[in-house]
Amino acid sequence: MKNLIVILFLFVFLIGSVSACQYKINESYSQEEEWFYFDGDFVGANLEMDKLVWVENSHLSFTVYNNLTIPVTVRLDYKVVSTWFGLDEVKSVEVKVEPRDSDRYDDGHVNTQLNSYIGITDLDYTLIEPEVSSEYKNVEKQKEVCRTCPNGKQCLDDNSLCISDNECGSSICNIVGFCGKDKIISCEHYGKLNCKNQTCLMPSTKEVGEAYMCEWECKSDRFEEGICLKSSEQLQKEREERIKQLSIFGVIIFIVVLLSYLYIEKWKRGKVKKERQKEEEKVKDIRNEIIKLGEEKERINEDIKGGNKEIQKLESQKANRLNEIKDLEEKIRHSKGEIKEKYEQELIRLRNKNKETEDKLKIQRKELLEQEKELKTKEKELEKRTEAYWKEKALIDSGQKQNLRFNEEGRLVFKNSGKLYHVWKYEDYLKKKGQKILDNISIHHIDRNKYNNEIWNLVPMDKKIHDINNRESVKGKFNHNLIESYNWESGIHQIKEQLGWKDSDFPEQIQKELNEGKNRQS
């Protein structure tokens, strides 16, 4: 009986590695082995053939190992192949090996080229003699394995980096952070210092305000309650810097006081200008509101016109339907049967239509009343805002707001003397031209706006014509009520109409404004 007895082979090189560790323990394990018997006697276990095919000195060689206590003869059947040399040879060889010995067989082929490849394939091996029997047995054995530490991982060797004792095979993680035999070791080797026999730390690494474990960690020479403080040298520099800053501050204060005085003087001069600009903005806002109110008034007027047209249309429809109803009622009185029934149905339809028209008329009239009410409200708002605009503008344009007030008639007068501002302004205008106002002359506001004191809106007029009975249309008297308020063109027209003036009868500033108006129109 021939038994195959070998333990595999490695092609070219056998490469293996086993993790090494410093701290080991023995571990029991069970391994199955093949035991061999000759004539009933045990002759050994596990006949091995190791390094079966390997290259030595550029030759292909076989080495057969015999672990038995008797000599054995093994036949090797194999094929030599090489694509480089074109080899494909089947070979067979018998190798006899003495007990507990090995024998090597040299095939004879030489690997002469670095890039060539000569290999062994289809390898088979058979035990020729002696005839032996075998059986497999489980054998208890022991092996060394790396020890596991309390952290559940493989124990670290000495000098390995660690965080806690539970990681180290020595059960000690020293103060530097390496596994070893001693907890307390010299820190100088690592360029550090021993801190309370707990850890090794670098000196002079902590900045001001950072916490420390040992005082010498602070870069400064001052520390307190676990916090690094500013150094004595730094404190001295800060004291010197404060003295320097105080000196500079004193000079700055002096400069600031001087500049403040100059600024206040300038500010006083500019304050009036800024206030004037602010007031002009206020007047501008009021003017924009007036424009907006005017536009809303026009819109409401248009809506009222449209509403009136709609009412007229509905009234016409109502009248037409009433005539149709009257005709149908007459026809019903003189008809019978189906024709009468037809007229009655048509009468019902017309009456329903007429009712719908009446309902629409009610709604339309109600909306018209609301629009007329809204129009009156807008007109009052417009009148109020217009007066506010011109009053504010009059004060700003005067440039003497602090010296002026409005009297009981709403006219702008000087607080002390009570003199009318628009008269004073016209007198001042004539004075610059070397002229003066005659005693029998009044100053008239052309656009009927007593707050518009622009020179082109002021015109001298005989007191007898201007002041007496000016609210009625009396021959020889000027009727102000015919002028459309705030309308300069209307005022010019009424002067021409009532007094018979021509353009040449007006003062030169009015004539200039009239000419510019004609140029704009052309």
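The figures here come from the full heavy-atom set of this structure, side chains too, leaving out hydrogens, waters and symmetry mates.
Between Asp158 and Lys181 the shortest side-chain heavy-atom distance falls below 4.5 Å. By the 4.5 Å heavy-atom criterion applied to side chains, Cys187 and Ile175 are counted as neighbours. Using a 4.5 Å cut-off on side-chain heavy atoms (C-beta onward), Val97 and Val95 make contact. Residues Thr69 and Arg100 have side chains in contact (heavy-atom distance under 4.5 Å, counting atoms from C-beta outward). In this structure, the side chains of Ile455 and Lys425 come closer than 4.5 Å at one or more pairs of heavy atoms. Counting only heavy atoms from C-beta outward, the side chains of Lys419 and Val413 never approach each other to under 4.5 Å. Considering only heavy atoms from C-beta on, Asp182 stays 4.5 Å or farther from Ile172 through its side chain. Looking at heavy atoms from C-beta onward, Ile184 lies in side-chain contact with Asn197 at the 4.5 angstrom threshold.
Although no hydrogens or angles enter the test, the distance criterion places no donor-acceptor pair under 3.5 Å between the side chain of Asn457 and the main chain of His445. No donor-acceptor distance shorter than 3.5 angstrom exists from the side chain of Glu265 to the backbone of Tyr261, with no hydrogens or angles considered.
A salt bridge links Lys79 with Asp88: the distance from a Lys NZ or Arg NE/NH1/NH2 to an Asp or Glu carboxylate oxygen falls below 4.0 Å. Look at Glu484 and Arg448 and you find no salt bridge, because none of the NZ, NE, NH1 or NH2 atoms lies under 4.0 Å from a carboxylate O.
Residues satisfying the side chain to side chain donor-acceptor pair (under 3.5 Å) criterion with Lys244, sequence neighbours excluded, are absent altogether.
Between the side chains of Glu240 and Gln236, a donor-acceptor pair is found at a separation under 3.5 Å. A donor-acceptor contact closer than 3.5 angstrom is absent between the side chains of Arg242 and Gln245. Looking only at atom types and distance, the side chain of Tyr37 has a donor-acceptor partner in the side chain of Glu135 under 3.5 Å away. Side-chain polar atoms of Tyr29 and Glu140 form no donor-acceptor pair below 3.5 angstrom. Checking Asn452 against Asp447 by side-chain atom types alone, a donor-acceptor pair falls below 3.5 Å. Using modelled atom types and a 3.5 Å distance limit, the side chains of Ser231 and Glu233 yield no donor-acceptor pair.
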For His422 and Leu458, run side chain to side chain contact (heavy atoms under 4.5 Å, CB included): C-alpha distance rounded to whole Å, both residues' side-chain angles, the deciding distance at 0.1 Å, then the answer. CA-CA 8 Å; His422 72 284; Leu458 302 177; 4.2 Å; yes
Applying side-chain hydrogen bond (donor to acceptor under 3.5 Å, both in side chains) to Gln509 and Tyr429, what does each step give before you reach the verdict? CA-CA 11 Å; Gln509 76 274 12; Tyr429 168 73; 3.2 Å; yes
Take Leu201 and Lys192 through the test side chain to side chain contact (heavy atoms under 4.5 Å, CB included) and record every step on the way to the result. CA-CA 5 Å; Leu201 299 173; Lys192 301 180 180 181; 5.7 Å; no
Does the side chain to side chain contact (heavy atoms under 4.5 Å, CB included) test come out yes or no for Val145 and Lys143, once each step is laid out? CA-CA 6 Å; Val145 296; Lys143 64 179 177 180; 4.1 Å; yes
Please walk me through it: do Leu412 and Asn453 pass side chain to side chain contact (heavy atoms under 4.5 Å, CB included)? CA-CA 10 Å; Leu412 199 59; Asn453 297 314; 4.3 Å; yes
In sequence, state the C-alpha distance, the side-chain angles, and the governing distance for Cys21 and Cys155, and then conclude on disulfide (SG to SG under 2.5 Å). CA-CA 8 Å; Cys21 55; Cys155 292; over 6 Å; no
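With rounding to the nearest 0.5 angstrom, the SG atom of Cys218 is 7.5 Å from the CG atom of Leu229.
For residues 164-174, the pairs satisfying side chain to side chain donor-acceptor pair (under 3.5 Å) are Asp165-Lys183, with sequence neighbours left out. Residue pairs meeting the side chain to side chain donor-acceptor pair (under 3.5 Å) criterion with at least one member in residues 219-229, sequence neighbours excluded: Glu207-Lys219, Asp221-Ser232.
The residue from Ile70, Leu68, Val72 that alone fulfils the side-chain contact (heavy atoms from CB on, under 4.5 Å) condition with Phe38 is Ile70. When each of Glu32, Glu33, Glu27 is paired with Lys141, the salt bridge (charged side-chain N to carboxylate O under 4.0 Å, His left out) condition holds for Glu33 and for no other.
Below 30°, between 30° and 60°, or above 60°: for Phe414 and Trp424 the angle between ring planes is above 60°, a perpendicular geometry. Under the 30°/60° scheme for interplanar angles, the aromatic rings of Trp35 and Phe42 are found to be tilted.
For the cysteine pair Cys200 and Cys195, the distance separating the two SG atoms is not below 2.5 Å. The SG atoms of Cys168 and Cys173 sit 2.5 Å or more apart.
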